[in-house]
Every structure is written in structure tokens, then in C-alpha cells.
Amino acid sequence: QVQLVESGGGLVQPGGSLRLSCAKRGSIFSINAMDWYRQAPGKQRELVAGITSGGSTNYADSVKGRFTISRDNAKNTVYLQMNSLKPEDTAVYYCNVRGVRYSDLKEVDYWGQGTQVTVSS
């Protein structure tokens, strides 16, 4: 069974930094993409950043130049480095892995439990 374990959230002042981690436990036949989403109170979940198996990255316009997504394949972990944080970055951040499972070779989405990021003075 595949699990995504997130860590690194917390309370930070505006302008500060945090690094989120998402460790994959369990085996997947192949990983197509690893993404970070966030959901603020009363808002829909939105894509923040993504990285493909080939290493290509993409970012929401609101975080470009401030956030960096990276992955360590040896550790089965994806990271989100968040700098110059703003109050509007406050949300629950979720890790998502899109991969092919062994049982039927179908592509599925796996989700972490979410980690709270609060940016406030």
C-alpha cells in the first residue's frame, strides 16, 4: 500500500521560509508526476507546483520566483521550498503523486494527509 507522508508545515512570519517534504512509502510501478497542491479556507484546491519524471517543473503564477519544487529519487521524496512567504500563502498543503500501480497498471493519484502552513505576524 502506498502512503505519502508530509512534514515541514508550521507558523511563519511574512517574508519567512519553510520547506515541505513528502516521502513516498510503498512501491509504485512508475511515477509520472509529483505535485504540491494547497487549499485555503473557503477556496478550491489549487495546483502550486509540479515536477515530472523527467524533471520538468511548473508553477502557479502566484508562487513563481518564490517557491521551488524538487525531488530526490533515491529517497522517494519531493520537496517544496517556500521563500518570501505571504499571508495569502496560508493553506493546507497536499502532496500528490500520479503513478502507475502494479496491480492493474492503471494510473492513479495518491494524496498525502496535508500539512498546515500559516503565514502571519
Side-chain angles (χ1 to χ4, degrees):
Q1 188 169 349
V2 175
Q3 288 184 316
L4 302 180
V5 181
E6 301 164 5
S7 60
L11 173 64
V12 64
Q13 292 187 342
S17 298
L18 284 173
R19 189 176 82 153
L20 305 182
S21 299
C22 172
K24 178 184 70 67
R25 297 177 180 172
S27 297
I28 300 176
F29 180 76
S30 65
I31 294 176
N32 296 333
M34 304 178 83
D35 303 316
W36 285 98
Y37 286 75
R38 68 185 180 187
Q39 187 166 19
K43 295 188 177 182
Q44 289 188 331
R45 190 173 297 189
E46 62 173 352
L47 177 65
V48 176
I51 185 166
T52 68
S53 58
S56 298
T57 59
N58 63 283
Y59 298 93
D61 288 342
S62 59
V63 307
K64 281 181 182 176
R66 300 189 297 122
F67 290 11
T68 302
I69 188 170
S70 61
R71 60 192 287 178
D72 185 330
N73 292 330
K75 295 182 178 180
N76 291 314
T77 300
V78 61
Y79 304 97
L80 185 67
Q81 178 67 44
M82 305 185 294
N83 299 328
S84 302
L85 282 161
K86 304 175 181 180
E88 50 264 42
D89 294 318
T90 295
V92 178
Y93 284 70
Y94 297 90
C95 174
N96 170 269
V97 170
R98 181 166 302 130
V100 177
R101 61 189 178 194
Y102 279 105
S103 59
D104 55 9
L105 298 183
K106 289 186 177 181
E107 186 178 74
V108 297
D109 281 307
Y110 300 94
W111 291 93
Q113 80 283 2
T115 185
Q116 177 70 46
V117 171
T118 302
V119 184
S120 175
S121 55

Stepwise side-chain contact (heavy atoms from CB on, under 4.5 Å) test for C95 and W111:
CA-CA 6 Å; C95 174; W111 291 93; over 6 Å; no
Report the C-alpha separation of R38 and L47 in whole Å, then their side-chain angles, then the decisive distance to 0.1 Å, and conclude whether the side-chain contact (heavy atoms from CB on, under 4.5 Å) test is met.
CA-CA 7 Å; R38 68 185 180 187; L47 177 65; over 6 Å; no
Dump the intermediate steps for side-chain contact (heavy atoms from CB on, under 4.5 Å) on V92 and T115, then the final yes or no.
CA-CA 5 Å; V92 178; T115 185; 6.0 Å; no
Pair M82-V63, side-chain contact (heavy atoms from CB on, under 4.5 Å): steps then yes or no:
CA-CA 9 Å; M82 305 185 294; V63 307; over 6 Å; no
Using the ring pair (Phe, Tyr, Trp, His ring centres under 6.0 Å) rule, take Y37 and Y94 through it: C-alpha gap first, then chi angles, then the decisive distance, then the call.
CA-CA 5 Å; Y37 286 75; Y94 297 90; 8.6 Å; no
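Closest heavy-atom contact between L4 and C22: CB-SG, 3.8 Å. Considering all non-hydrogen atoms of both residues, A91 and A40 come closest at CB-N, 3.8 Å. Taking each heavy atom of V100 and I28 in turn, the nearest pair found is O-CG2, 2.9 Å. The two residues K24 and V2 have their closest heavy-atom pair at CG-CG1, 4.1 Å. Smallest separation of non-hydrogen atoms from T77 and S21: CG2-CB, 4.4 Å. Closest of all the heavy-atom pairs between I69 and T57 is CG2-CG2, 3.8 Å.
With contacts defined as side-chain heavy-atom distances shorter than 4.5 Å, the pair P87/P14 qualifies. In this structure, the side chains of T90 and V117 stay at 4.5 Å or more apart for every pair of heavy atoms. A 4.5 Å side-chain heavy-atom check between R98 and V108 finds every atom pair outside the cut-off.
For the atom pair R101 CZ and Q1 CD, the distance stands at 12.0 Å (nearest 0.5 Å). Distance check, rounded to the nearest 0.5 Å: CG of L11 to OG of S121 gives 9.5 Å. Atom CG of N58 and atom CG of D35 lie 7.0 Å apart (nearest 0.5 Å).
With no hydrogens or angles considered, a side-chain donor-acceptor pair links T118 and Q116 at under 3.5 Å. Between the side chains of S17 and N83, at least one donor N or O lies within less than 3.5 Å of an accepting N or O.
Cluster annotation: Y59 is not connected to Y79 through the hydrophobic network of ILVMFWY side chains, with a link wherever side-chain heavy atoms come within less than 4.5 Å. Transitive grouping of hydrophobic side chains (ILVMFWY, heavy atoms separated by less than 4.5 Å) brings V97 and I51 into a common cluster.
Environment of OH in Y102: crowded, with over 12 heavy atoms of neighbouring residues, nucleotides or ligands closer than 6.0 Å.
Judged by distance alone, with hydrogens and angles left aside, the side-chain atoms of R71 form a donor-acceptor pair with the main-chain N or O of T52 at under 3.5 Å. Panel note: side chain R66, backbone S84; a donor-acceptor pair is recorded below 3.5 Å. Side chain of Q39 to backbone of Q44: no donor-acceptor contact under 3.5 angstrom is found.
Between F67 and Y93, the ring planes are tilted. Angles from 30° to 60° get that label.
With respect to D61 and K64, a salt bridge is recorded, a charged nitrogen being found less than 4.0 Å from a carboxylate O.
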